[in-house]
Amino acid sequence: MKSLLLKEYLQLELADFPQPQPGPGEVLIRIAACGICGSDVHGYDGSSGRRIPPIVMGHEAAGVVAATGSDVTRFKPGDRVTFDSTVYCGECPFCRRGKVNLCDRREVIGVSCGDYRRNGAFAEYIAIPERILYPLPESMSFPEAAMLEAVSVALHAVHVTGDVKGQTVLVLGAGMIGLLTMQAARALGAARIFIADIDATRLNLARSLGAEEAFHLSGDELTREILDQTDGSGADVVLEAVGRNETIATSIDCVRKGGTVTLIGNITPKVEIPLQKVVSRQIRLQGSAASAGEYPESIDLVAGGKILVKPLISAVAPLEDGPQWFKRLYAHEPNLMKVVLTADSETLQHAGAAS
Ligand SMILES: NC(=O)c1ccc[n+]([C@@H]2O[C@H](COP(=O)([O-])OP(=O)(O)OC[C@H]3O[C@@H](n4cnc5c(N)ncnc54)[C@H](O)[C@@H]3O)[C@@H](O)[C@H]2O)c1
Ligand SMILES: [Zn+2]
Ligand SMILES: [Zn+2]
């Protein structure tokens, strides 16, 4: 089968791999769409240390069941499916409590990090344990389904924050995750949502997705605006979707006393925390990692039009064009959001007809 192999850092090429066989409890999936994640782009040059070559990347995928191994009960050939980006064991104490994102034996699909290597979905086929599969509604296209992983990340961040019904929320960062987090907060009942970024084009996209209060401000200017908008008290919740020193500091300045800053962004490994502000204003800093059971809710919200993903898909392209698209994303070409790769001619045709 065709796979997109990271042979050396910055060197992707189409390679021939044997088609995987589904083992007991596993399902073979013919991949119809797989999105390029920011973490793939950061792994591509070796800077994150999580895509040590040789590796086939890709963890945001959807497709059709091609075959099932023994002991598979919930799926049959022909079913349209997506799957969790994380393979969790289902048995450790965290898995038993439903916190599958914290699994002791967690492996991310399409990652090689020294501890493990697991080839991903930039390929024609992948074999995956049945427990991480989810059925897709007929109405949802495969490229849209490839966005469900990121939607689940956004929903999880709002869930770990707590009940946001009626709350005032600031989303810091209007990238892929920020724009989905904004929509997740709205879907879960936030009363008022601000979103901020330093890139005006991202804020235009935010407005097209329904943002009413999108601010092209950062640092002290953003803090002043948020305080002005909230009678001087700050937002109940800040959802931080950048992950830099300055945006963490701004998040802490923009949240009200006793409020929560949920940390989604992790682009820098270390940041400085203004300790006394956090302690004396009793601010909760809440980390959020991937997702834990949010896929069915993501599917419902996207299928029901409550979370819009189509405007975030910049291109649906053939798998063999993967090397070029990685180069363009790596070069930070402006206005590129999600690029979805596929080896499936039908998915390409549909995408072409739709755009
Ligand atoms: N916790 C998780 O499970 C999880 C999952 C996926 C991604 N992430 C992290 O979330 C973050 C966002 O990911 P993404 O895919 O949306 O990335 P992205 O590159 O699409 O978006 C980042 C956005 O931050 C903006 N930005 C940069 N500096 C800023 C500043 N000083 N002030 C305001 N905005 C600023 C950029 O203009 C951009 O729009 C990354 O750190 C990523 O690693 C975390
Ligand atoms: Zn990802
Ligand atoms: Zn586990």
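Note that ligands are numbered from 1 as they come in the structure, with each ligand's atoms numbered from 1 the same way.
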Margin query: With nothing but distance in play, are any N or O atoms of M176 less than 3.5 Å from an N or O of ligand 1?
Written below: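 Yes.
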
Check: Is the shortest N/O to N/O distance between S218 and ligand 1 below 3.5 Å?
Finding: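 In fact, backbone or side chain, S218 has no N or O that close.
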
Which residue and non-hydrogen atom of the protein lie closest to [atom], and at what distance in Å?
atom	result
atom 44 (C) of ligand 1	I264 O, 3.1 Å
atom 28 (N) of ligand 1	I198 CD1, 3.5 Å
atom 13 (O) of ligand 1	I177 CG1, 3.6 Å
atom 30 (C) of ligand 1	T247 CG2, 3.4 Å
atom 27 (C) of ligand 1	V242 CG1, 3.6 Å
atom 10 (O) of ligand 1	G265 CA, 3.6 Å
atom 12 (C) of ligand 1	A241 O, 3.2 Å
atom 9 (C) of ligand 1	N266 OD1, 3.4 Å

Atoms of ligand 1 less than 4.0 Å from [X] heavy atoms?
X	answer
I267	41 (O)
A290	2 (C), 3 (O)
D199	37 (O)
A289	3 (O)

Do [X] and [Y] pair up side chain to side chain, a donor and an acceptor below 3.5 Å, judged on atom types alone?
X	Y	answer
T247	E240	yes
D231	S233	no
S141	E144	yes
T161	T260	no

Next item on the list: Please answer whether the main-chain N or O of D236 pairs with a side-chain N or O of T168 as donor and acceptor at a distance below 3.5 Å.
Entry: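 The answer is no, because no donor-acceptor pair under 3.5 Å joins these two groups.
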
Margin query: As a quick check of understanding, evaluate ring pair (Phe, Tyr, Trp, His ring centres under 6.0 Å) for Y44 and Y330, giving each step before the final call.
Written below: CA-CA 8 Å; Y44 169 68; Y330 187 67; 5.4 Å; yes

Checklist line | Criterion side-chain contact (heavy atoms from CB on, under 4.5 Å) on V64 and I31, from CA distance to verdict | finding: CA-CA 7 Å; V64 179; I31 301 293; over 6 Å; no

Item checked: Selection from L172, D197, L329 by shortest heavy-atom distance to atom 25 (C) of ligand 1 ->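 Heavy atom nearest to atom 25 (C) of ligand 1 belongs to D197.
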
Notebook entry, point to check: To the nearest 10°, how many degrees is the angle C103 SG to the Zn ion (ligand 3) to C89 SG?
Noted result: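 So the angle at the metal works out to 100°.
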
Next item on the list: Just do the side-chain contact (heavy atoms from CB on, under 4.5 Å) check on Q11 and L5 with the steps written out, would you?
Entry: CA-CA 8 Å; Q11 197 188 322; L5 176 70; over 6 Å; no

Note to self: Hydrophobic clustering (ILVMFWY, side-chain heavy atoms < 4.5 Å, transitive) - are F122 and M176 grouped together?
What the structure shows: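 Not linked; separate clusters.
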
Margin query: Are L301 and L136 linked, directly or through intermediate hydrophobic residues, by side-chain heavy-atom contacts shorter than 4.5 Å (ILVMFWY only)?
Written below: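 Yes, L136 connects to L301 through the hydrophobic network.
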
Checklist line | Angular separation of NE2 (H59) and SG (C37) seen from the Zn ion (ligand 2), to 10° | finding: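 About 110° at the Zn ion (ligand 2).
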
Note to self: Going by a strict under-4.0 Å cutoff (protein heavy atoms only), does atom 17 (O) of ligand 1 have a neighbour on the protein?
What the structure shows: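 No; the ligand atom in question lacks any protein heavy-atom contact below 4.0 Å.
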
Notebook entry, point to check: Which one holds for S288 and ligand 1: side chain close, backbone close, both close, or neither close, with close meaning a heavy atom under 4.0 Å?
Noted result: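 Under 4.0 Å from ligand 1, S288 contributes backbone atoms alone.
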
Checklist line | Approximate separation, where rounding is to 0.5 Å, of D84 CG and R106 CZ | finding: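 Atom-to-atom, D84:CG and R106:CZ are 8.5 Å apart.
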
Checklist line | Spacing of R186 atom CZ and I307 atom CD1 [to the nearest 0.5 Å] | finding: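 If I round to the nearest 0.5 Å, the distance is 8.5 Å.
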
Margin query: I'd like to know whether ligand 1 has G243 as a neighbour, heavy-atom separation below 4.0 Å.
Written below: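 It does not, in that no heavy atom of G243 comes within the 4.0 Å cut-off of ligand 1.
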
